[in-house]
Protein chains: 2
Amino acid sequence: MDTRDQLIDSARELLWERGYVGTSPKAIQQRAGAGQGSMYHHFSGKRELALAAVRRSADELLTAADSQLRGPGTAVERITAYLRREREVLRGCPVGRLTQDPEIVADPELRAPVDATLTRLRARLAEVLGEGQAAGELPAGLDPAALAATVVAVLQGGYVLARAANSPVPFDQAVSGVLALLTVH
Amino acid sequence: MDTRDQLIDSARELLWERGYVGTSPKAIQQRAGAGQGSMYHHFSGKRELALAAVRRSADELLTAADSQLRGPGTAVERITAYLRREREVLRGCPVGRLTQDPEIVADPELRAPVDATLTRLRARLAEVLGEGQAAGELPAGLDPAALAATVVAVLQGGYVLARAANSPVPFDQAVSGVLALLTVH
DNA sequence: GTCTATAATTGGATAGAC
DNA sequence: GTCTATCCAATTATAGAC
């Protein structure tokens, strides 16, 4: 991996752990093993590097979600696989985390990939949920878009509860709860 | 309101907007209309002031939730009232927001009020959900603790989706989705 | 209790040598 | 492309006068 990629990867990790305001160019350089000059050669500054990092994290999230949601199995099986897949729960979501950063949400270009990713994720889930309704696995008459928002919110909120408790237990409870509601019908 | 309270209130606002790492003592002082000396007279430093601010916000959240959850009405009515109450969705949750701050979750004393508040909120909701099951309003056989985690996660995650989209719409969708799942039975 | 002065450290970047 | 030197503002305090 070249220096430019190392910088992007280090920025991704630090944005995940500490957010945009909590991450300094110096910290990124040190983690990447690069000097000042190197970073400012490849990027105009902190913001442009963060932009590259956010875009890459956003792409990876959607790709990972697709591998469960577009995989084999019934709608309920795919949604269950997505919700139950192994996650580093206490680290939170590398994309959702960015919504808590004032400088990210205030900057249209930095917010755009976050918005696009979560919006597309909901759209993918709504498709699968719609398929489940058509197949009679899920109750008809409920808005797939609303249910998709609920499912994604359970994940994002589950991370919040887990980090507050310093334990993955409430995350797992929240996932179990929504799966039970979806499948009890 | 005296200077000490002004400082706590200003700290609460800034912690809500910018988090712990994004908030400087100077910014708190300026918002409070107080000088350096004043702040360091009342508090030993940023951390102690933040501790007072976090505790106050945590207390207020639980009090506000109780006013809906312990109010009149059936279990479903109270949960609906709680989920549908007016919120400044794009500002996010003043308590849940803190879980994204590395310095908050790494500090047991700062994390404690956040943890206690979200844990108690889930316990209150589990009680109400249990009452709803006993009254036949909600499907029996589902774990009230899991459902409570789901409901709180939908709120916390709804804020994430809304801030990403810069719109309250996905928050409202997520709430509608979980209410539909709870009441369709 | 509040004010102003001072200070060590970090943040975010520029300049120029190699 | 990468390095070191330099720069100015902000951060997080402490000291002492009033």
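Residue numbering restarts at 1 for every chain, and letters A, B, ... go by the order of the sequence lines. Just so it is clear, the structure is predicted and the values come from calculations on it, not from any experiment. Every heavy atom of this structure was used, including side-chain atoms; hydrogens, water molecules and symmetry mates were not.
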Using a cut-off of 4.0 Å between protein heavy atoms and nucleotide atoms, how would you tag nucleotides 2-18 of chain C 5' to 3' with B, S and -? BBB------SSBB----
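At a threshold of 4.0 Å, the pair B/Asp9-B/Arg31 does not count as salt-bridged, since none of the basic side-chain nitrogens sits closer than that to a carboxylate oxygen.
With rounding to the nearest 0.5 Å, the separation of OH in A/Tyr159 from CD in B/Gln100 is 11.0 Å. Rounded to the nearest 0.5 Å, atoms OH (B/Tyr40) and CD (B/Gln29) are 6.5 Å apart.
Between the CG atom of B/Leu7 and the C1' atom of C/dG1 there is a distance of 12 Å, given to the nearest Å. For B/Gln29 and C/dG1, the CD to P distance is 18 Å, given to the nearest whole Å.
B/Tyr82 does not carry B/Arg70 over the face of its six-membered ring by the limits of under 6.0 Å from the centre and within 45° of the normal.
Between the side chains of A/Arg84 and A/Ser176, a donor-acceptor pair is found at a separation under 3.5 Å.
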